[in-house]
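Okay, structure first, notes after.
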Amino acid sequence: MHPSRPRGICLFVFALAVACITTRAQDKEWNAGEIVSRELFKYGAFEARMKAAKGSGAISGFLVINPDAGETRPWQEIAFEFFGKSDGNEFQTQIIVPGPEESDIGSLPRSQNMVQHTSDTSIFDNFHTVRMEWTPTKLSFYYEGSLIREETDSSKYEQFFDPSKTEGANIRATLWAGFSDWSGQVDPSNPPTSVTMDYISYEKYDESSGGFVPEWRDDFDSFNSDRWQKADWTFPFAVNNFSPSNVNIEDGNLVINFSR
C-alpha cells in the first residue's frame, strides 16, 4: 500500500462494533494522529517502546493490520491497546480474524479475541516495551520482555497461520478517542494527553532457524517519510480527525498529540 491515503483502511476495531471504514477528515471537534508503514509485512517481530496517553476516551495503540481489513479484505489484526480512562495500569492485547460477529455498519464479519492485562507501573508516566511476534505457527505478545500471551490454535487463527490466507500488513502507531463505555468519553476540561514513541523496530522471520533477524529500528531522530505515512482521515467511532500536524518529532521521540 503506497497511495497518499490508503483506501478503506481500518484504524482500530477493538471491543466495539467498529467497521473498517475510513473517510476523509470531517468537521470534528478534536484532532489526533496515526502513522502507517508504507511497507507491508508478513510474519516477523514488531516492537515499540511507548508511553500511552492519559485521559478518558483515549485509546493508544501499536498494531499490525492488513490494508482494507473488514471492508474488502478479511480481518487480520494484532494489537496492543492502552486505555486512557484507567488509573494508569490497564491495557489489552487483541487478535481479530474472520468470524461470526456482524458489524452494524456493513463490514465483513469478524471474531475479536481480547485479553486484559495490568501493568505494574503507570502506562502514562513511564515508557514500556511491547512486542508482537508472528510466525506461521504462533502469535506471541511480550510486555517489558515477559511473555504475557501466546496463541497457537491453527484453526481459530488460520488467517495468520495458513500461507494461502495470510496477507501482508502495515505497522501502525496511533492515538484516537471514542465515546463509548469501553473507551470512555472525552472530558473537554481535561482532554487526553499525548502518545510518545521512543522507537519502533522490525525483525524479519527466518524460516530456517525459526527465529528473527533485525531489519531496522526507527529511533525517531527525524521523521522518515519513506517509511511512514501520517494519517489524514477519520472513522465513524472516533471523535477526532487524524491530522498530520498532530504527529511530530520532539527530543528524539515521535509524539502524537490530541488537540482541538
Side-chain angles (χ1 to χ4, degrees), residues 1-14 18-22 34-48 61-81 93-99 107-113 130-142 150-174 197 199-218 224-233 235 242:
M1 185 224 29
H2 295 281
S4 60
R5 173 182 175 272
R7 183 181 64 83
I9 279 182
C10 169
L11 180 57
F12 269 49
V13 214
F14 315 125
V18 178
C20 188
I21 297 174
T22 61
E34 178 184 65
I35 61 169
V36 183
S37 69
R38 295 187 182 277
E39 185 178 357
L40 297 176
F41 303 90
K42 186 175 180 180
Y43 309 130
F46 311 87
E47 185 172 299
F62 178 59
L63 68 156
V64 178
I65 182 172
N66 58 322
D68 293 324
E71 184 183 2
T72 61
R73 306 302 309 158
W75 287 106
Q76 183 186 295
E77 176 186 347
I78 51 177
F80 275 89
E81 303 157 353
T93 54
Q94 168 73 290
I95 304 173
I96 303 180
V97 292
S107 70
L108 298 177
R110 67 195 181 282
S111 174
Q112 300 186 89
N113 303 275
V130 297
R131 180 180 174 94
M132 297 177 285
E133 294 182 355
W134 169 22
T135 77
T137 59
K138 188 184 302 182
L139 292 170
S140 305
F141 295 80
Y142 292 82
E150 190 167 82
E151 303 290 352
T152 59
D153 189 324
S154 60
S155 176
K156 186 175 184 178
Y157 299 114
E158 66 174 348
Q159 183 64 39
F160 284 94
F161 299 149
D162 184 339
S164 68
K165 296 179 180 293
T166 297
E167 300 186 357
N170 303 104
I171 303 171
R172 303 185 183 206
T174 192
M197 310 295 296
Y199 72 82
I200 294 176
S201 67
Y202 166 68
E203 299 171 29
K204 186 177 181 178
Y205 174 66
D206 181 19
E207 187 175 359
S208 61
S209 68
F212 301 95
V213 179
E215 287 283 300
W216 53 261
R217 169 171 157 156
D218 197 328
N224 186 342
S225 58
D226 291 329
R227 175 173 291 151
W228 305 105
Q229 176 183 354
K230 296 181 181 182
D232 64 352
W233 52 86
F235 69 106
F242 293 92

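The figures here come from the full heavy-atom set of this structure, side chains too, leaving out hydrogens, waters and symmetry mates. Model, not experiment: these values are computed from the prediction.
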| query | Around K138, counting heavy atoms of other residues, nucleotides and ligands shown, do more than 12 lie under 6.0 Å from its NZ? | reply |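 It does not: K138 NZ has 12 such atoms or fewer within range.
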Heavy-atom pair with the smallest gap, counting every atom of [X] and [Y]:
X    : Y    : result
P109 : G99  : CB-O, 2.9 Å
P214 : E203 : CA-CG, 3.8 Å
K42  : P163 : NZ-O, 3.7 Å
P67  : G168 : CD-O, 3.5 Å
M132 : F80  : CG-CE1, 3.6 Å
Q76  : K165 : OE1-O, 4.3 Å

Output yes when a side-chain donor or acceptor of [X] lies under 3.5 Å from a complementary backbone atom of [Y], and no otherwise.
X    : Y    : value
R38  : S225 : yes
T166 : Q159 : yes
W134 : F160 : yes
N113 : I95  : yes

| said: Under the rule for salt bridge (charged side-chain N to carboxylate O under 4.0 Å, His left out), what residues qualify as partners of E167, not counting sequence neighbours? | reply: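 Result, salt bridge (charged side-chain N to carboxylate O under 4.0 Å, His left out) vs E167: R73.
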When rounded to the nearest 0.5 angstrom, what distance separates [atom1] in [X] from [atom2] in [Y]?
X    : Y    : atom1 : atom2 : result
I96  : N66  : CD1   : CG    : 10.5 Å
F46  : L63  : CZ    : CG    : 11.0 Å
I65  : S37  : CD1   : OG    : 11.5 Å
E150 : F141 : CD    : CZ    : 10.5 Å
D162 : Y157 : CG    : OH    : 16.0 Å
T174 : F242 : OG1   : CZ    : 4.5 Å

| request: Could you give me the CA-CA distance, side-chain angles and deciding distance for I171 and W228, then say whether side-chain contact (heavy atoms from CB on, under 4.5 Å) is met? | output: CA-CA 9 Å; I171 303 171; W228 305 105; 4.1 Å; yes
| By side chain to side chain contact (heavy atoms under 4.5 Å, CB included) - contacts of D226 (at least two apart) |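 With sequence neighbours excluded, D226 shows a side chain to side chain contact (heavy atoms under 4.5 Å, CB included) to N224, given in chain and number order.
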| query | If we ignore angles and hydrogens, is there a donor and acceptor under 3.5 Å between the side chains of Y199 and E47? | reply |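 Their side chains do contain a donor-acceptor pair, which is all the 3.5 Å distance test asks for.
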| Side chains of S208 and D206, donor plus acceptor under 3.5 Å |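 Result is yes, a qualifying pair exists.
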| task | Give the C-alpha distance, both sets of side-chain angles, the deciding distance and a yes or no for side-chain contact (heavy atoms from CB on, under 4.5 Å) between I200 and W216. | result | CA-CA 9 Å; I200 294 176; W216 53 261; 4.3 Å; yes
| field | Test log, rule side-chain contact (heavy atoms from CB on, under 4.5 Å), inputs V64 and F41 | value | CA-CA 9 Å; V64 178; F41 303 90; 5.7 Å; no
| query | Yes or no on side-chain contact (heavy atoms from CB on, under 4.5 Å) for F161 and D153, after CA distance, side-chain angles and deciding distance? | reply | CA-CA 9 Å; F161 299 149; D153 189 324; 5.8 Å; no
